Number of protein chains: 2
Amino acid sequence: MLKEMDIGETLKDAGRRPTPQRVMILSAIRGSGGHVTAEEILRKVRKEYTFIDIATIYRTLQLFKRLGLVSEIDLKQGSTRYEIAEKEKHHHLVCSGCGKSFYLDHKRFIEPLRLALLNDFGFEADLEHFAVSGLCSQCRASGKTSSNDSKGGR
Amino acid sequence: MLKEMDIGETLKDAGRRPTPQRVMILSAIRGSGGHVTAEEILRKVRKEYTFIDIATIYRTLQLFKRLGLVSEIDLKQGSTRYEIAEKEKHHHLVCSGCGKSFYLDHKRFIEPLRLALLNDFGFEADLEHFAVSGLCSQCRASGKTSSNDSKGGR
DNA sequence: ATAGTTGCAAAGTGTTTGCGCTGAG
DNA sequence: CTCAGCGCAAACACTTTGCAACTAT
């Protein structure tokens, strides 16, 4: 459970300033309970502070990424998403029916694959953070098909 | 071994014309021995026919995709790549050191994951075609680090 | 004629950059 | 003072779209 305080520390340690914008951006991500796009962060922060610009969001996200505060996920939904970095490696199942995403434990599901690739090919897979799309059980039950034609939605 | 002929059949069956552009685009992909970007196809085809436009490439790629002639891969390297569609499902290992990519068999490596997700979560993963980035054995041997900072390169 | 196809130019996304102004150290 | 950080506008890379001309049937 990181608290607001941390951002100050982390930023100062890196010789950066904990500006209001940065604090707002971080809490916007925190308050979203998941992974958000830059655009979504922009909208959230604008409720508090109208003048924030998308460039600031992107610059801040890059900074946060470098500092290990957030991590990036590409859910293949057009734009990159960001979430608060956690110590435990994990991935996402993204339902193309309802858009929801689910936590996928690394050790149990992904590590075996990583090891297999390493053993069989000597390939050191970078499975830091990725997303598997598909249909969640609910959507399957309600008879949706994997109408995942990408582009367009939203 | 599909031959040039097939494109004619496939297109005609779909009520489309096997135009020179389309033939050239398909053989450009074939002749690339792997997965290519739209831009790369453009360059290849232009050697034969200077006036081809990138829009035609994209339109044709969409058409080919719909007809099942090519499949799309997002190697996360900026632009989408395309390759000749094969019957056997497979994926790619993409080395972030040398850029090379390697074939990854579906049944052996990915199907187990798919089944696990289905059993454990009832999640029907759409693991059609994806790419795992990392370092190939050669690059590991030659001491490269996973300097995969994405964006920017080229 | 009719419908499919093309080149060209323009528009669209999502993201990044240049720049001058501001404000903390 | 000095440099990080900001908002703004413009640039960027990749992809899509509108349109008028063209072409096989």
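This structure is a prediction, so every number in the text was calculated from the model and none was measured.
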J.: Please collect all side-chain hydrogen bond (donor to acceptor under 3.5 Å, both in side chains) contacts where either partner lies in residues 97-113 of chain B, sequence neighbours excluded, each pair once.
T.: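 For residues 97-113 of chain B: A:Asp120-B:Arg108, B:His35-B:Ser101, B:His91-B:His106, B:His106-B:Glu111, B:Glu111-B:Arg114.
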
J.: What string of B, S and - do you get for nucleotides 18-25 of chain C 5' to 3' if you count protein non-hydrogen atoms under 4.0 Å?
T.: B----B--

J.: For B:Phe51, which contact category applies under a 4.0 Å heavy-atom criterion: base, sugar-phosphate, or nothing?
T.: sugar-phosphate

J.: Using modelled atom types only, decide if a donor and an acceptor are shared between the side chain of A:Arg30 and the backbone of A:Ile84 within a distance under 3.5 Å.
T.: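 Pair absent, no side-chain N/O of A:Arg30 close to backbone of A:Ile84.
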
J.: If you round to the nearest 0.5 Å, how far is OG of A:Ser137 from CG of B:Leu117?
T.: 12.0 Å

J.: With sequence neighbours excluded, tell me which residues meet ring-ring contact (aromatic ring centres under 6.0 Å, His included) with A:Tyr58.
T.: none

J.: When all nucleic acid strands are considered with a 4.0 Å heavy-atom cut-off, which category describes A:Gln21: base, sugar-phosphate, or nothing?
T.: sugar-phosphate

J.: Can you name the residues that form a side chain to side chain donor-acceptor pair (under 3.5 Å) with A:Ser71, not counting sequence neighbours?
T.: A:His129

J.: Partners of A:Ser79 by side chain to side chain donor-acceptor pair (under 3.5 Å), sequence neighbours excluded?
T.: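 Partners of A:Ser79 by the side chain to side chain donor-acceptor pair (under 3.5 Å) criterion come out as none, since no residue qualifies.
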
J.: Of B:Tyr82 and A:Tyr49, whose closest DNA chain D nucleotide lies nearer the 5' terminus?
T.: A:Tyr49

J.: Give the angle between the helix axes at the two ends of the helix from C:dA1-D:dT25 to C:dG25-D:dC1, taking five base pairs at each end and rounding to 10°.
T.: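 Here the local axes at opposite ends form an angle of 10°.
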
J.: What is the distance, to the nearest angstrom, from the CD1 atom on B:Ile57 to the C1' atom on D:dT17?
T.: 17 Å

J.: Given D:dT15, C:dT16, C:dG4, which nucleotide is nearest the side-chain atoms of B:Arg16?
T.: C:dG4

J.: Compare side-chain N and O positions of A:Thr19 against OP1 and OP2 of D:dG5 and report whether any pair is under 4.0 Å apart.
T.: no

